Amino acid sequence: MLRRGNTRPYHWADKTMSVLRADQLEACEKDLTGFPAVCLFDASCQDRDAEKLYDLSWYAEEDKASGKKPLLHRVSDLRNRVLSVFAPEMALLPGEEHDLLIRIVLFGGHLALQDWNDLIPARSLIRRLWCRGEWKDNVLVLHMPHQLCATALILLAGDEHRKLRDIVEQVIDGIDNTLYLMGMMQAAPALRHLQTLLAGTCAEGHPDLAERMLRAAFDYTYDREGQLVLLHPGLAEPDGMITKFSSFSRMPSYQSMSGDAMNTASASVMDLESPLYDRMLSVLDGAVRPEISPEDAVEDLIILAKQGVSYKDMKEVLSSMLVSYPTREMLASLENISGQIPRWLYFSSSQVQ
């Protein structure tokens with residue numbers, strides 16, 4: 001999702017990864033309540049609905065960015081546009097969105113979303129103009145027309161779709177590893193790599209769908225040159241990193257980094273961090289507030305350390321997570337996390353300036 005707003009004035013307790021995620025979900029829920037109650041492929045959909053559907057779709061955002069002239073839309077034209085790329089677009093869905101699609105197809109085109117985390121992929125499926133959402137007793141029910149469900153089921157059973165899904169998962173895993181190591185990355189190298197892997201498949205020659213996949217899968221922003229930059233979901237202040245990142249990304253050392261090198265480095269970092277994670281998790285078990293899981297609490301603290309947040313600020317964040325005062329063992333574990341977790345590349349000091 002596109003990052004909006006400035007988090008700098010907030011305390012670090014209000015800028016943890018779990019809080020950023022909750023804010024995204026609240027914004028997504030608000031968006032969904034304002035979406036039209038009709039799907040592009042419903043028999044009841046008329047030309048008078050076309051403009052509203054287009055305005056909420058991925059197409060509106062992408063057409064504006066590409067400089068296409070505004071025009072009046074008709075239902076038949078939008079349907080043709082969606083169906084013409086349905087197979088490659090389905091292959092290029094992010095993992096959570098693909099999983100949600102499978103569930104709705106298997107449930108015959110109607111699925112009540114009991115997990116709040118499903119709202120973001122559901123919003124994206126609606127923006128692809130494949131589905132509509134309906135609120136019932138504060139639960140979002142996702143509806144997908146029969147004809148699209150039938151087509152999706154056929155594609156899911158095909159060898160090419162499975163081959164493409166392996167490619168997508170490989171690319172997304174590589175991006176996840178890079179973001180965990182660095183905090184942000186330019187999207188362009190990943191898109192070029194993806195296009196190379198897609199050569200000879202039905203998804204070849206669709207850079208717009210490939211970029212749509214990245215914008216649906218990851219937090220993102222744009223640098224001063226208007227280039228897409230992908231963000232780690234826990235990066236609280238991306239604006240402060242953009243300038244340093246833009247300079248570094250032009251260096252040969254960055255451009256020559258391979259996916260294998262990133263994966264190896266990521267595995268090394270995880271080996272270093274795992275004992276620190278396990279120790280903090282053991283001392284937080286049963287001590288965090290009911291609305292926070294111990295796992296989320298530890299992950300939040302580790303991501304703060306990667307951003308160079310001071311031990312003093314991290315101690316305040318830890319205290320805000322607990323039902324009582326932090327124990328000596330908790331503070332010792334926190335000190336280890338603060339001192340030993342590798343910083344993201346752009347944070348050369350132990351304190352965010």
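Bear in mind the structure is a predicted one, so any value in this text is a computation, not a measurement. Heavy atoms only: backbone and side chains are in, while hydrogens, waters and symmetry mates are out.
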[X] side-chain N/O to [Y] backbone N/O, donor-acceptor pair under 3.5 Å:
X: Asp118; Y: Leu113; answer: no
X: Asp115; Y: Asn117; answer: yes
X: Gln307; Y: Ala236; answer: yes
X: Gln195; Y: Leu191; answer: no
X: Ser338; Y: Leu334; answer: no
X: Asp14; Y: Tyr10; answer: no

Please name the pair of heavy atoms, one in [X] and one in [Y], separated by the smallest distance, quoted to 0.1 Å.
X: Ala187; Y: Leu230; result: CB-CG, 4.1 Å
X: Cys45; Y: Cys39; result: CB-O, 3.4 Å
X: Ser293; Y: Val288; result: C-CG2, 4.2 Å
X: Met213; Y: Leu93; result: CG-C, 4.3 Å
X: Cys131; Y: Ile104; result: SG-CD1, 4.4 Å
X: Leu78; Y: Ala50; result: CD1-O, 3.6 Å

Applying salt bridge (Lys or Arg N to Asp or Glu O under 4.0 Å), can you list everything that pairs with [X], at least two apart in sequence or on another chain?
X: Arg74; result: Asp77
X: Glu61; result: Arg127, Arg215
X: Lys52; result: none
X: Asp42; result: Arg132

If you define the side chain from C-beta out and look only at heavy atoms, does anything of [X] sit under 4.5 Å from [Y]?
X: Glu134; Y: Lys136; answer: yes
X: Met182; Y: Leu179; answer: no
X: Leu284; Y: Leu318; answer: yes
X: Leu304; Y: Trp12; answer: yes
X: Lys163; Y: Asp159; answer: no
X: Ile303; Y: Thr16; answer: no
X: Thr201; Y: Leu198; answer: yes
X: Asn336; Y: Arg279; answer: no

Are [X] and [Y] linked, directly or through other ILVMFWY residues, by side chains that come within less than 4.5 angstrom of each other?
X: Phe107; Y: Val141; answer: no
X: Ile341; Y: Leu272; answer: no
X: Met270; Y: Ile337; answer: yes
X: Leu142; Y: Phe35; answer: yes
X: Tyr59; Y: Leu72; answer: no

Residues 296-312 vs salt bridge (charged side-chain N to carboxylate O under 4.0 Å, His left out), sequence neighbours excluded, gives Glu273-Lys306

Of all pairs that satisfy salt bridge (charged side-chain N to carboxylate O under 4.0 Å, His left out), the ones with a partner from residues 16-39, not counting sequence neighbours: Asp31-Arg123

[atom1]/[X] to [atom2]/[Y] distance, rounded to the nearest 0.5 angstrom?
X: His232; Y: Met17; atom1: NE2; atom2: CE; value: 5.5 Å
X: Glu237; Y: Ile242; atom1: CD; atom2: CD1; value: 12.5 Å
X: Ile167; Y: Leu164; atom1: CD1; atom2: CG; value: 5.5 Å
X: Ile172; Y: Asn177; atom1: CD1; atom2: CG; value: 12.0 Å
X: Leu235; Y: Thr221; atom1: CG; atom2: OG1; value: 10.0 Å
X: Met144; Y: Ile126; atom1: CE; atom2: CD1; value: 11.5 Å

Residues that [X] engages under side chain to side chain contact (heavy atoms under 4.5 Å, CB included), provided they are two or more places apart:
X: Thr327; answer: Glu329, Met330
X: Ala65; answer: none
X: Leu281; answer: Tyr277, Pro294, Glu295, Val298

OH/Tyr222: more than 12 non-hydrogen atoms of other groups inside 6.0 Å: yes

Identify, with sequence neighbours excluded, every residue that meets ring-ring contact (aromatic ring centres under 6.0 Å, His included) alongside His73. Tyr54

Could you list the residues that satisfy ring-ring contact (aromatic ring centres under 6.0 Å, His included) with Phe41, not counting sequence neighbours? none

Determine whether the side chains of Ser124 and Trp58 contain a donor N or O and an acceptor N or O closer than 3.5 Å. yes

Any chance the side chains of Gln24 and Asp219 put a donor and an acceptor closer than 3.5 Å? yes

Under-4.0 Å salt bridge between Glu97 and Arg128: yes

Can you run down the ring pair (Phe, Tyr, Trp, His ring centres under 6.0 Å) pairs that involve residues 130-177, sequence neighbours left out, and say none if there aren't any? Phe86-Trp130, His98-His161, His110-His143

Residue pair Arg81, Asp63: steps toward the salt bridge (charged side-chain N to carboxylate O under 4.0 Å, His left out) verdict: CA-CA 13 Å; Arg81 190 172 185 182; Asp63 288 350; 2.8 Å; yes

Audit row: Arg212, Glu89, salt bridge (charged side-chain N to carboxylate O under 4.0 Å, His left out) steps and yes/no: CA-CA 9 Å; Arg212 184 183 297 182; Glu89 185 172 1; 2.7 Å; yes

